[in-house]
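Dropping the structure in here first, questions after.
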Amino acid sequence: PMVTQSDPGSENFGITNAHTMLHQWHDPTLEGTLQHCWMHTKKNVMPEITWSQLCRQFTPGFETYLDHGVESGWYDFDNTLQHLIFQWVFIPWLQRKLDGYKDCINNTAKRHDHNKVLPHGVLNLIYNSANDFGALDFKIILKPGAIDHVHNTYIDPNHAVFELVPPEFGNFIQCCYDELGRPLVNCQSAWTVYLDLHHIISQLYEQLPQIVVADEDNDPLPLLENHQDLPFHEDEDGTYYMGGVGRGLGFGASPSS
């Protein structure tokens with residue numbers, strides 16, 4: 001019964017389609033309704049709170065570190081070679097740091113808030129054992145093959161969005177990285193690794209494979225046809241339901257009501 005939610009935008013159609021198909025696979029009565037809420041007029045509250053906390057707690061130090069390379073003249077976004085080396089070095093490192101931040105948040109209990117109606121405690125414990133925290137468990141056990149079916153329907157594994165850099169350049173820079181002794185990339189060494197790779201690749205410039213930077217916006221995914229948005233009703237006091245129970249109407253409600 002739970003639904004995904006996001007700000008309006010075609011970049012979220014893939015999530016919407018996949019989540020809707022998974023729900024309809026397990027509950028055919030949901031056919032014809034998108035299992036996704038488009039949160040208009042600043043109502044995408046929980047993700048916005050999480051994003052705001054990330055920007056305050058995680059982002060500033062990394063922004064300062066990245067700006068140092070730009071201000072030092074080491075990185076120019078409009079320089080294709082520098083841009084590709086930057087992506088290859090920094091994106092995996094930043095992803096590991098974000099994964100660590102996520103694990104920290106999900107395994108740490110937040111300060112108790114008596115105004116909060118949701119369960120209190122460690123998020124992962126609440127997710128895995130909702131009943132122990134006096135909450136309803138809305139997890140759905142997926143049928144075998146459901147995720148594979150959705151994956152095969154909506155995911156193109158060869159799409160440019162899944163490539164860190166063009167494959168030919170990726171093989172080339174990996175060889176250069178091996179030549180450097182595969183140095184560890186961390187907050188002390190990331191710019192050094194970047195500069196060392198840039199130096200060695202510049203020396204081998206004539207050996208560089210032809211680089212074709214794909215347009216990630218090509219062939220956008222359309223939204224499912226003949227599907228209606230979930231109903232949205234806001235009470236006079238400003239409260240509203242944004243789940244999938246009762247086809248979007250909540251507990252004790254039905255489409256006819």
Side-chain angles (χ1 to χ4, degrees), residues 6-7 9-12 14-15 42 44-111 122-124 159-218:
S6 71
D7 295 334
S10 59
E11 69 275 9
N12 298 308
I15 294 175
K42 300 182 180 180
N44 198 19
V45 179
M46 293 302 293
E48 295 292 351
I49 292 174
T50 301
W51 175 254
S52 176
Q53 292 172 341
L54 175 74
C55 291
R56 293 198 310 270
Q57 301 170 3
F58 178 90
T59 303
F62 289 97
E63 282 188 337
T64 300
Y65 185 71
L66 296 178
D67 285 342
H68 172 66
V70 176
E71 294 167 358
S72 299
W74 300 336
Y75 174 63
D76 178 3
F77 178 84
D78 294 323
N79 184 304
T80 301
L81 178 59
Q82 293 182 7
H83 183 58
L84 292 175
I85 297 174
F86 179 88
Q87 289 185 176
W88 195 88
V89 172
F90 282 89
I91 290 180
W93 170 56
L94 289 172
Q95 184 62 63
R96 291 194 299 271
K97 303 302 289 187
L98 282 168
D99 290 343
Y101 174 84
K102 174 206 66 176
D103 291 339
C104 179
I105 295 298
N106 288 341
N107 289 287
T108 304
K110 295 184 178 180
R111 184 176 61 183
V122 176
L123 296 181
N124 273 344
H159 195 283
V161 73
F162 298 114
E163 297 175 352
L164 184 60
V165 294
E168 296 80 5
F169 181 79
N171 295 333
F172 185 84
I173 195 174
Q174 181 64 55
C175 292
C176 295
Y177 181 67
D178 293 341
E179 286 290 325
L180 291 174
R182 303 174 62 84
L184 179 67
V185 177
N186 55 35
C187 58
Q188 285 79 36
S189 67
W191 277 117
T192 300
V193 174
Y194 164 88
L195 290 171
D196 288 345
L197 282 171
H198 186 270
H199 176 71
I200 191 173
I201 291 174
S202 297
Q203 290 183 323
L204 301 173
Y205 193 80
E206 293 183 356
Q207 300 180 31
L208 268 175
Q210 183 177 3
I211 300 173
V212 178
V213 180
D215 183 0
E216 297 178 2
D217 294 329
N218 281 341

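Everything quoted here is computed from the prediction, not taken from an experiment.
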With rounding to the nearest 0.5 Å, note down the distance linking CD in Q174 to OH in Y177. 7.5 Å
Is the distance between the ring centroids of W191 and F90 under 6.0 Å? yes
Check: W93 ring centroid to F62 ring centroid under 6.0 Å: yes
Compare every heavy atom of V89 with every heavy atom of A190, then report the nearest pair and how far apart it is. O-CG1, 3.8 Å
Any side-chain donor-acceptor pair under 3.5 Å between S189 and N186? yes
State the CD-CG distance between E71 and L66, to the nearest 0.5 angstrom. 11.0 Å
Give, for atom CD1 of I85 and atom NE2 of H83, the distance between the pair rounded to the nearest 0.5 Å. 11.5 Å
For C55 and P60, work out which heavy atoms get closest and say how close. O-CD, 3.1 Å
Under 6.0 Å between the ring centres of W88 and F169? no
Just verifying a value: how many Å separate D67 CG and S72 OG, rounded to the nearest 0.5 Å? 10.0 Å
Would a distance-only check, ignoring hydrogens and angles, find a side-chain to backbone donor-acceptor pair under 3.5 Å from Q82 to D76? yes
Any idea which heavy atoms bring L164 and Q87 closest together, and the distance? O-NE2, 2.9 Å
Taking atom CG of L98 and atom CG of L54, what is their separation to the nearest 0.5 Å? 6.5 Å
Correct closest heavy-atom pair for T108 and V122 would be N-CG1, 4.0 Å
CD1/I173 to CG/L81 distance, rounded to the nearest 0.5 angstrom? 8.0 Å
Does the side-chain contact (heavy atoms from CB on, under 4.5 Å) test come out yes or no for Q57 and I105, once each step is laid out? CA-CA 11 Å; Q57 301 170 3; I105 295 298; 4.2 Å; yes
Counting only heavy atoms from other residues, nucleotides and ligands, does the tally under 6.0 Å from CD of E179 exceed 12? no
Kindly give the heavy-atom pair with the smallest separation between S52 and R56, and that separation in Å. OG-NH1, 2.9 Å
Would you say the side-chain atoms of Y101 pair up with the backbone N or O of F58, donor to acceptor, closer than 3.5 Å? no
So, using ring pair (Phe, Tyr, Trp, His ring centres under 6.0 Å) as the criterion, who are the partners of F162 when residues are at least two apart? none
Please table the atom pairs, donor to acceptor, closer than 3.5 Å between any side-chain atom in residues 193-203 and protein atoms at least two apart or in another chain.
residue : atom : partner : partner atom : Å
Y194    : OH   : W74     : O            : 2.8
H199    : NE2  : Q203    : NE2          : 3.4
S202    : OG   : H198    : O            : 2.6

Could you check whether any side-chain N or O of N107 sits under 3.5 Å from a backbone N or O of N124, counting only pairs where one atom can act as donor and the other as acceptor? no
